[in-house]
> 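One structure, pasted below without further comment.
Just so we're clear, the structure is a prediction, and the values are computed from it rather than from any experiment. For the single chain, residues carry numbers from 1 onward in sequence order.
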Amino acid sequence: MDEEHSNIKIRGQIHMLMVGEPGTGKSQMLRQANTLCSRSVMTTGIGSTSAGLTVACFKDGSEYILEAGALVLADCGVCTIDEFGIIRNEDKASIHEAMEQ
């Protein structure tokens, strides 16, 4: 890069939001993106929590177990979330935090 643009940060990954009227094929496009990518996870906003999308911790006897969520499983791949508007605001905050990493 030249001197003029040396302070510009270029992201290595993109985030995309599709918005449109019902019945315009957004969900079908998400499903197709999952079939094209070898590492992909598809989930829906219905019933999704921040733990289910990022990571959940369980206690098994005296040991703790971490279970990866959709965003972790799709690392360096594609994570598609259908019906994103249904996710609670508290859970959206954790998704946005993960997207900033």
> Please name the pair of heavy atoms, one in Cys57 and one in Leu66, separated by the smallest distance, quoted to 0.1 Å.
CB-CD2, 3.8 Å
> Holding to side chain to side chain contact (heavy atoms under 4.5 Å, CB included), I want the full list of residues that pass it with Ala74, two or more places apart in sequence or in another chain.
Val41, Cys79
> Not counting sequence neighbours, which residues clear side-chain hydrogen bond (donor to acceptor under 3.5 Å, both in side chains) with Arg88? List them please.
Asp91
> Kindly write out the residues that satisfy side-chain hydrogen bond (donor to acceptor under 3.5 Å, both in side chains) with Ser62, not counting sequence neighbours, or none if the list is empty.
none
> Nearest 0.5 Å, what's the SG-CE distance between Cys37 and Met42?
13.5 Å
> Enter the distance from Ile86:CD1 to Ile46:CD1 here, rounded to the nearest 0.5 Å.
4.5 Å
> To which residues is Phe58 joined in a hydrophobic cluster, defined by side-chain heavy-atom contacts under 4.5 Å among Ile, Leu, Val, Met, Phe, Trp and Tyr, whether direct or through other members?
none
> Only pairs at least two apart or in different chains count here, so list each salt bridge (Lys or Arg N to Asp or Glu O under 4.0 Å) that has a residue in residues 57-84.
none
> Show the nearest heavy-atom pair for residues Ala68 and Leu73, with the distance to one decimal.
CB-CD2, 3.9 Å
> For Thr43, give me all partners under side-chain hydrogen bond (donor to acceptor under 3.5 Å, both in side chains), at least two apart in sequence or on another chain.
none
> Side chain to side chain contact (heavy atoms under 4.5 Å, CB included) with Ala33: which residues, sequence neighbours excluded?
none
> To the nearest 0.5 Å, tell me how far Leu53 CG sits from Ile81 CD1.
5.0 Å
> Partners of Leu17 by side chain to side chain contact (heavy atoms under 4.5 Å, CB included), sequence neighbours excluded?
Val19
> Only counting residues at least two apart or in another chain, list the ones meeting side chain to side chain contact (heavy atoms under 4.5 Å, CB included) with Met18.
Met16, Lys26, Met29, Leu30
